[in-house]
Amino acid sequence: MQDIFFDGLAAPLRLKQAGQVRSLLPEVAPGWPHVVRAADPEVPPFFTIRAQPGTALFHTENHLEPAPPRPMDALNAACDAMAGLALALPAEDAGVICLHAAGVAMAGRLVVFPNVRRAGKSTLSAALAHRGYPVFSDDVLPLSFPDGGPVLARSMGIAPRLRLPLPERASPDFRDWVAANPGPENRQYKYLRLPGQPARGEALPVGAFVILDRQEEPGTARLDPVPADAAMDALLHQNFTRDRHSGDILAEMARALGGLSLFRLRYSGLEDAVACLADAFARWSGPVPGAGGPPRIFRLARFDAPPAAPGPRLVQRPGTIAREIGATLYLADAEGRAIHRMDPLAAAIWEMLAEPASPEEIAALLAEAFPDTDPATLRADLGRLLEGLAGQGLLA
C-alpha cells in the first residue's frame, strides 16, 4: 500500500495493490510533482484506488465527494484520481476557486473556455496545443484573485485528455498528430504527452472568457461579444468550489468581469475555430497588468445557519451582497450559501425593499405599475417571490 503526496497537498492519494495506476501518474500529471511513501493509516487520503482481486480492474473511492465504488481499468482509475485532485486542491487552499473550464495561453494571457456540455473544449484545447499554444488546463482551472491585480489562472500540471473517438470533423492532419502522440490511452480517452507544458502552479492573468457554441451546420467561425451577465451565468454554473462564501465569489467575479474581454465563439470546424482564436488573440490591447497583492482568502459558507424569520414588514437583510453585472442583479445571502440571479421584476421589488415595506404596500405599487394585470395574480406571484427570498435568507 502506497501514498502519493502531490506537491502542496497534505492529504495523499492512496494506492492498494495498484502499481499499474502508479506507473501512469507521471504521464497523466507530468507537471504536478509528487513523491511516493509507504501508506500511513493515521493520515486520511483524499482518494483511494484499490485493485479488484482476480481481475485487471480497480475500484476508486473519492473521500471528498463520496460515490459508489465502480470497477474500471487503470487509465480510467487515474482519470478519476485527477478529478479527486481537482477537489483536494481548493479543500486545502482557501485562496483559489476551481472552474470546470479549459485555459490556453495566447500572447502572454490566458483565454478561458468555461465548460459547456458537448461544446468541444478539450478537443479545441488539443487543437490549439497542436498549433503550439500552451495548455494550462483542458478541464479544471484554478483561479485566484490578487488584491488590486488581475484574476490569475493557474496550471494544474495535468496532461490534456481527449475523448475517443475523435469528432468526424477533425482534419486528417490533427488525427495523424493525435495518433502519433505517445501518451497513454484506452478505448475512451487519450492523454497527450506535450513537452514544455506549464507546470503545476504556473500562473498567467486571464485575458478573456470565451463561451463555446459549436454548430452542427457548417459555417465560418466567429467571435461575438457577450454582455457581462452572460459570462457570469456561464461561470457560476462551472464553479464547483461549493464551500466558498458566495458573497466573496460574487464580489470577485464582478470585479474581474469588469475588465475582461467576453465573447461567444460560434464554430463548426476545428481548424477554423483555431484560426479565428489565433487571429483574435495574437495581441492584447494595453500592457499586461501588474501582479497585485496577496490573493483573496475566501470565507467558508455557513450552511447550518437558518435564515432570519421575517415579520409583517420586510426589508433587505443586512449582510446581503448585491452586484449589478451587465444588466442583471445578482444577490448572495449573508451566510454565503448561494448566488441568486434576479429577473428585472424581482430586481425592482428588491429595490423597493431597501426600506421596510409590507407585502400589501408592495402589491399596491405593482397594481399601479401593471393596471392590466389581475390584482389577485399579482398578489399570488408577489407572495411566492417574497417567500422564496425569505427562505433563501435574503429578507428580514
Side-chain angles (χ1 to χ4, degrees), residues 28-29 31 79 82-83 85-86 97-106 109-143 151 153-171 174-175 177-178 181 183 185 188-192 194 197-198 204 206-216 219 221-224 226 230-241 260-281:
V28 171
C79 289
M82 296 304 101
L85 267 179
I97 65 170
C98 286
L99 300 180
H100 279 303
V104 178
M106 306 187 79
R109 304 188 201 184
L110 218 70
V111 180
V112 176
F113 307 101
N115 182 36
V116 179
R117 189 171 183 268
R118 299 188 182 280
K121 67 176 175 56
S122 294
T123 308
L124 181 58
S125 299
L128 287 164
H130 180 214
R131 298 304 178 195
Y133 294 99
V135 177
F136 271 55
S137 173
D138 72 332
D139 186 48
V140 172
L141 193 65
L143 300 181
V151 57
R154 301 186 180 277
S155 171
M156 292 279 287
I158 296 174
R161 183 189 71 175
L162 282 169
R163 186 180 295 275
L164 300 178
L166 294 176
E168 293 181 1
R169 295 176 184 174
S171 69
F174 180 67
R175 289 177 178 277
W177 177 75
V178 171
N181 190 281
E185 64 181 295
Q188 290 177 281
Y189 301 113
K190 177 163 187 172
Y191 280 93
L192 297 175
L194 301 174
Q197 291 298 295
L204 278 179
V206 174
F209 286 106
V210 177
I211 302 168
L212 299 181
D213 185 5
R214 187 173 61 181
Q215 305 290 307
E216 292 300 325
R222 72 176 194 268
L223 277 170
D224 298 323
V226 298
M232 182 66 177
D233 290 346
L235 295 176
L236 285 180
H237 282 100
Q238 304 315 324
N239 169 37
F240 62 87
T241 320
L260 293 175
S261 301
L262 310 171
F263 297 98
R264 185 183 309 277
L265 174 65
R266 301 182 188 274
Y267 75 102
S268 57
L270 196 57
E271 282 68 28
D272 190 29
V274 170
C276 179
L277 292 167
D279 181 63
F281 301 117

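Computed from a predicted model, the values in this text were never measured in an experiment. Sequence positions, counted from 1, serve as the residue numbers for this chain.
The OG atom of S137 sits 10.5 Å away from the CZ atom of R161 when rounded to the nearest 0.5 Å. Rounding to the nearest 0.5 Å gives a distance of 4.5 Å between CG of L235 and CZ of F209. Atom CG of L141 and atom CZ of R154 lie 10.5 Å apart (nearest 0.5 Å). Taking CG of L143 as the reference point, atom CG of L99 lies at 4.5 Å (rounded to 0.5 Å). Distance CZ/R163 to CD/Q188: 7.0 Å, rounded to 0.5 Å.
Taking each heavy atom of T123 and L162 in turn, the nearest pair found is CA-CD2, 3.7 Å. Minimum heavy-atom separation, A231 to L262: CB-CD2, 3.9 Å. The two residues V226 and A230 make their nearest non-hydrogen contact at CB-CB, 4.2 Å. Considering all non-hydrogen atoms of both residues, Q238 and P114 come closest at CG-CB, 4.1 Å. When every heavy atom of C79 is checked against every heavy atom of Y189, the shortest pair comes out as SG-CD1, 4.0 Å. Considering every non-hydrogen atom in both V206 and A153, the closest pair reads CG2-CB, 3.9 Å.
Residues M156 and P142 meet the side-chain proximity criterion, which asks for heavy atoms closer than 4.5 Å. Considering only heavy atoms from C-beta on, R214 comes within 4.5 Å of Y267 through its side chain. Counting only heavy atoms from C-beta outward, the side chains of Y133 and F281 never approach each other to under 4.5 Å. Between C276 and L223, the closest side-chain pair of non-hydrogen atoms falls below 4.5 Å. Here the side chains of L192 and V135 are not in contact, with every heavy-atom distance at 4.5 Å or above. In this structure, L277 and F113 have side chains that are in contact, with non-hydrogen atoms separated by less than 4.5 Å. Side-chain contact between L194 and P160 is present, with at least one heavy-atom pair separated by less than 4.5 Å. Here the side chains of F240 and V140 are in contact, with some heavy-atom distance below 4.5 Å.
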Under the side chain to side chain contact (heavy atoms under 4.5 Å, CB included) criterion, do D139 and I158 qualify, and how do the steps go?
CA-CA 9 Å; D139 186 48; I158 296 174; over 6 Å; no
Could you walk me through whether F263 and V111 pass side chain to side chain contact (heavy atoms under 4.5 Å, CB included), step by step?
CA-CA 10 Å; F263 297 98; V111 180; over 6 Å; no
Show the numbers, then the answer: is there a side chain to side chain contact (heavy atoms under 4.5 Å, CB included) between R109 and L204?
CA-CA 6 Å; R109 304 188 201 184; L204 278 179; 5.8 Å; no
Go through the steps to decide whether E216 and R169 satisfy the test side chain to side chain contact (heavy atoms under 4.5 Å, CB included), and finish with yes or no.
CA-CA 10 Å; E216 292 300 325; R169 295 176 184 174; 3.6 Å; yes
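With sequence neighbours excluded, the residues that form a side chain to side chain donor-acceptor pair (under 3.5 Å) with E271 are S171. Residues meeting the side chain to side chain donor-acceptor pair (under 3.5 Å) test with N181, sequence neighbours left out: none. Taking R222 as the reference, D224 meet the side chain to side chain donor-acceptor pair (under 3.5 Å) condition, with sequence neighbours excluded.
A donor-acceptor distance shorter than 3.5 angstrom exists from the side chain of S268 to the backbone of G219, with no hydrogens or angles considered. Side-chain N or O atoms of D272 include one that pairs as donor or acceptor with a backbone N or O of A221 at under 3.5 Å. S155 contributes a side-chain N or O that, together with a main-chain N or O of P198, makes up a donor-acceptor pair within less than 3.5 Å.
The one candidate from L265, D138, V210 that meets the side-chain contact (heavy atoms from CB on, under 4.5 Å) condition with L124 is L265.
The environment of CZ in R175 is crowded: more than 12 heavy-atom neighbours from other residues, nucleotides or ligands sit within 6.0 Å.
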